[in-house]
There are 2 protein chains.
Amino acid sequence: MKATIYDVAKEAGVSIATVSLVINGKGKISKERREEIRGIMMRMGYKPSMIASALTGKKTYALGLLVPDISNPFFAEIARAVEDEGQRHGYSVFICSTDNKDEKVGHYAALLQQKNVDGVIIGTGIRELSVLDPLLHGGVPIAFLAREFRSVEVPSVVVDDYAGGAAAAEHLIALGHRRLAVLAEQDSISSSRERVRGFKQALEAVGITLDPALVLSSAIKESKASALALMRGEHPPTGIFCCNDLLAIGALQAAKEMGIRIPHDCSIIGFDDTVLASVTDPPLTTIAQPIEQMGQIAVQLLVRKIGRPGERPERIVLRPELSIRQSSMAPQTEIS
Amino acid sequence: MKATIYDVAKEAGVSIATVSLVINGKGKISKERREEIRGIMMRMGYKPSMIASALTGKKTYALGLLVPDISNPFFAEIARAVEDEGQRHGYSVFICSTDNKDEKVGHYAALLQQKNVDGVIIGTGIRELSVLDPLLHGGVPIAFLAREFRSVEVPSVVVDDYAGGAAAAEHLIALGHRRLAVLAEQDSISSSRERVRGFKQALEAVGITLDPALVLSSAIKESKASALALMRGEHPPTGIFCCNDLLAIGALQAAKEMGIRIPHDCSIIGFDDTVLASVTDPPLTTIAQPIEQMGQIAVQLLVRKIGRPGERPERIVLRPELSIRQSSMAPQTEIS
DNA sequence: CTGAAAGCGCTTACAG
DNA sequence: CTGAAAGCGCTTACAG
């Protein structure tokens with residue numbers, strides 16, 4: 001039913017080798033023949049099968065994108081940037097949501113290598129690096145996006161998470177806050193660890209120590225409950241740094257439930273600057289990541305790696321930026 | 001470098017045919033041989049190449065998902081549901097953002113058929129159905145999701161958009177509104193047209209006619225500007241029905257810019273009930289779609305179609321539901 | 001119960 | 001400038 005290279009060869013009265021050459025613009029085919037064969041392909045609606053050509057040494061022009069959850073706006077925006085930049089280089093992308101579970105990462109790693117993808121972008125947290133073995137041993141190029149593992153030499157784009165955490169702290173300090181809390185992601189997520197570290201260091205730089213009891217790791221579904229725990233303590237914080245916008249939203253909801261006014265009673269800072277940040281009540285002060293740029297660079301690095309596997313992998317660090325909205329202000333109430 | 005079926009055959013001292021049989025659990029292989037070969041595959045880390053097996057008549061186990069924009073939270077949530085349900089049936093999914101442009105739809109249609117995907121879920125607006133020809137003629141099964149074209153017999157899941165639009169109108173009417181406006185999507189989007197039609201009919205049912213000047217189609221990027229146009233008219237509406245949550249957010253922003261208080265001065269209703277609706281200021285009254293269910297059903301229908309191409313395609317209609325939050329209330333101000 | 005052979009739709013040297 | 005042939009990694013009848 002679908003035309004194959006044999007059909008167009010027969011129609012053109014040439015061998016399939018010749019047709020293959022014109023498809024790939026190789027060899028020296030007379031101009032007329034070339035034009036004629038092109039015309040026949042058009043007329044027959046012939047498109048070479050990518051799986052057949054992939055089997056004969058060419059690429060599959062497919063990429064995998066591993067993220068914790070495509071429905072999380074941050075990763076959805078990343079995915080769009082990756083998709084667009086991928087298209088620009090001729091690649092399609094498979095979405096792979098891992099829920100930050102090694103088990104799912106491993107599953108997708110095996111699957112993607114079985115599917116012979118040309119490369120995979122890894123933007124998900126991983127505990128045990130060995131779950132990537134199917135990719136690493138299978139010779140599938142990878143690039144890290146917004147996550148990284150210094151132990152392995154792989155191209156990566158990250159935002160300076162440490163600096164971002166520090167910027168959040170400095171903003172809060174400048175506003176006059178002293179008693180601060182942190183809502184972090186799981187510990188397996190390197191970016192989250194760095195943000196907390198930067199936040200903590202910046203506090204210590206001005207002589208404030210972060211109360212360990214006020215640093216909570218939380219899954220996104222439990223962000224509200226975690227924030228409630230933070231706010232219900234004996235000495236509630238006057239400001240909370242949340243390691244992503246979604247966690248910040250949980251904090252916002254917790255505050256609303258407890259009748260705590262944001263930012264009057266407590267300041268909240270997020271991280272990411274997704275669409276969400278501009279629509280919350282109140283709009284969220286957050287540390288903005290250059291999302292589109294990160295996605296673009298990730299595919300550029302990966303594509304380069306695919307092209308020249310031997311080259312030394314690059315590591316690109318982008319600067320996050322404080323975006324001030326209405327969820328932060330100077331502390332108003334004196335909390336005993 | 002990667003092990004092939006030949007490597008394991010040699011290692012096991014059998015023919016590749018035998019190995020193939022144990023891979024596929026076919027034929028009658030003695031239990032010991034089967035176990036032994038399984039062990040060897042494990043040890044060598046052998047996984048059959050999906051592209052090779054796809055070339056020999058089997059499926060590629062890849063699906064395409066066409067949506068307007070994966071970074072739009074509604075479609076991101078759809079994508080997650082499609083990905084998960086796809087995995088459950090053994091399929092991976094390619095993301096394809098079309099920006100509702102026929103040109104991109106056509107591009108992806110051709111690309112997906114070249115990649116030999118087993119099926120495509122279409123959740124994007126299309127003006128000229130012929131852009132799907134590469135799929136239709138290529139014999140690639142498709143299913144419509146949240147969009148549809150009655151002219152072609154294809155399995156589809158939709159929400160009763162007409163009823164949803166009517167529900168929005170009824171809510172507003174019950175609240176006491178009489179002068180209403182609509183912020184719609186582009187006309188090529190069937191779901192949007194239906195929502196507007198339902199809204200309008202419900203108004204007419206109680207003797208209110210919708211002023212055509214107060215019905216605007218708007219791209220998402222221009223939603224704020226369009227809402228401003230609506231609100232700046234001589235007789236501004238006391239309520240605006242927006243055909244999706246993102247448009248409603250544009251309206252919220254326009255109101256804020258003009259100093260119009262929501263819901264006191266104007267009620268706003270969205271459609272979709274994505275995460276966004278619960279975090280806006282104020283939280284959005286909206287018509288909720290069963291997003292996860294829609295994604296699941298779409299792949300179930302598609303998978304069924306792939307399995308039994310001859311069967312009569314099903315059409316599943318789900319009910320949307322009014323979700324009341326704080327962006328709607330009885331009209332307060334008397335606007336001349 | 002298992003192997004030899006053809007074939008899927010291409011690409012790539014190698015001849016001529 | 002163009003064709004015959006081998007090969008990519010599998011699957012599937014067909015023999016035996």
Side-chain angles (χ1 to χ4, degrees), chain A residues 1-38 40-41 44-62 110-111 113-118 138-140, chain B residues 1-38 40-41 44-62 110-111 113-118 138-140:
Chain A
M1 111 168 271
K2 272 179 49 189
T4 73
I5 197 171
Y6 290 96
D7 300 319
V8 352
K10 186 177 297 175
E11 184 74 14
V14 300
S15 75
I16 60 164
T18 303
V19 177
S20 178
L21 291 179
V22 351
I23 290 170
N24 296 291
K26 287 186 177 175
K28 320 221 136 287
I29 313 285
S30 66
K31 205 162 199 167
E32 310 94 63
R33 253 200 189 319
R34 191 177 289 280
E35 294 302 302
E36 188 197 340
I37 294 177
R38 282 242 173 76
I40 291 174
M41 295 196 296
M44 301 180 77
Y46 170 75
K47 295 273 181 185
S49 156
M50 296 190 77
I51 76 163
S53 66
L55 188 57
T56 49
K58 303 194 84 171
K59 297 188 288 183
T60 53
Y61 290 98
L111 196 59
Q113 96 88 2
Q114 262 196 80
K115 289 207 192 259
N116 270 281
V117 297
D118 297 325
V140 182
Chain B
M1 115 167 268
K2 272 179 49 190
T4 71
I5 196 170
Y6 290 95
D7 300 319
V8 352
K10 186 178 296 175
E11 184 73 16
V14 300
S15 75
I16 60 164
T18 303
V19 178
S20 177
L21 292 178
V22 351
I23 291 171
N24 297 290
K26 288 186 175 176
K28 320 224 135 287
I29 313 285
S30 67
K31 203 161 199 165
E32 308 94 65
R33 252 198 191 320
R34 190 177 290 278
E35 294 302 301
E36 187 197 340
I37 294 177
R38 282 242 172 75
I40 291 175
M41 297 196 295
M44 301 180 77
Y46 169 75
K47 294 273 181 186
S49 157
M50 295 190 78
I51 77 162
S53 66
L55 189 56
T56 49
K58 302 193 84 170
K59 296 188 287 183
T60 53
Y61 289 99
L111 195 60
Q113 96 88 0
Q114 262 196 80
K115 290 208 191 250
N116 269 282
V117 298
D118 297 325
V140 182

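Chain letters run A, B, ... following the sequence lines, proteins first and then strands; every chain starts at 1. Just so we're clear, the structure is a prediction, and the values are computed from it rather than from any experiment.
- Checking C:dA13 for Watson-Crick or G-U wobble geometry (two distances, each under 3.5 Å) identifies no partner in any strand.
- If you check every strand for non-hydrogen atoms under 4.0 Å, A:Ser20 touches a base.
- Separating the CG atom of A:Leu55 from the P atom of C:dG9 is a distance of 12 Å, rounded to the nearest angstrom.
- Note: CG (B:Asn24) to P (D:dA13) measures 12 Å, nearest angstrom.
- Between the CD1 atom of A:Ile37 and the P atom of D:dC1 there is a distance of 14 Å, rounded to whole Å.
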Show the distances under 3.5 angstrom between N or O atoms of the protein and N or O atoms of nucleotides 3-7 of chain D.
residue : atom : partner : partner atom : Å
D:dG3   : OP2  : A:Ser15 : N            : 3.1
D:dG3   : OP2  : A:Ser15 : OG           : 3.3
D:dG3   : OP2  : A:Thr18 : OG1          : 2.6

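- Within a 6.0 Å sphere centred on NZ of A:Lys47, heavy atoms belonging to other residues, nucleotides or ligands number 12 at most.
- With rounding to whole Å, B:Tyr46 atom OH is found 10 Å from D:dG9 atom P.
- Between B:Ile51 atom CD1 and D:dT11 atom P the separation is 13 Å, expressed in whole Å.
- Following rounding to the nearest Å, B:Lys10 (NZ) and D:dC10 (P) show an atom-to-atom distance of 14 Å.
- Distance CD/A:Glu11 to CD/A:Glu36: 9.5 Å, rounded to 0.5 Å.
- Note: NZ (B:Lys115) to P (C:dG9) measures 19 Å, nearest angstrom.
- The CG-P distance, from B:Asn116 to D:dC10, rounds to 17 Å in whole Å.
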* To do: In sequence, state the C-alpha distance, the side-chain angles, and the governing distance for A:Ile40 and A:Tyr46, and then conclude on side chain to side chain contact (heavy atoms under 4.5 Å, CB included).
  => CA-CA 8 Å; A:Ile40 291 174; A:Tyr46 170 75; over 6 Å; no

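- Nearest heavy-atom pair across A:Arg34 and A:Val22 is NH1-CA, 3.8 Å.
- The CD1 atom of B:Ile16 sits 11.5 Å away from the CG atom of B:Asp7 when rounded to the nearest 0.5 Å.
- In this structure, the side chain to side chain contact (heavy atoms under 4.5 Å, CB included) partners of B:Ile51, at least two apart in sequence or on a different chain, are A:Ala54, A:Leu55, A:Thr60, A:Asn116, B:Ser49.
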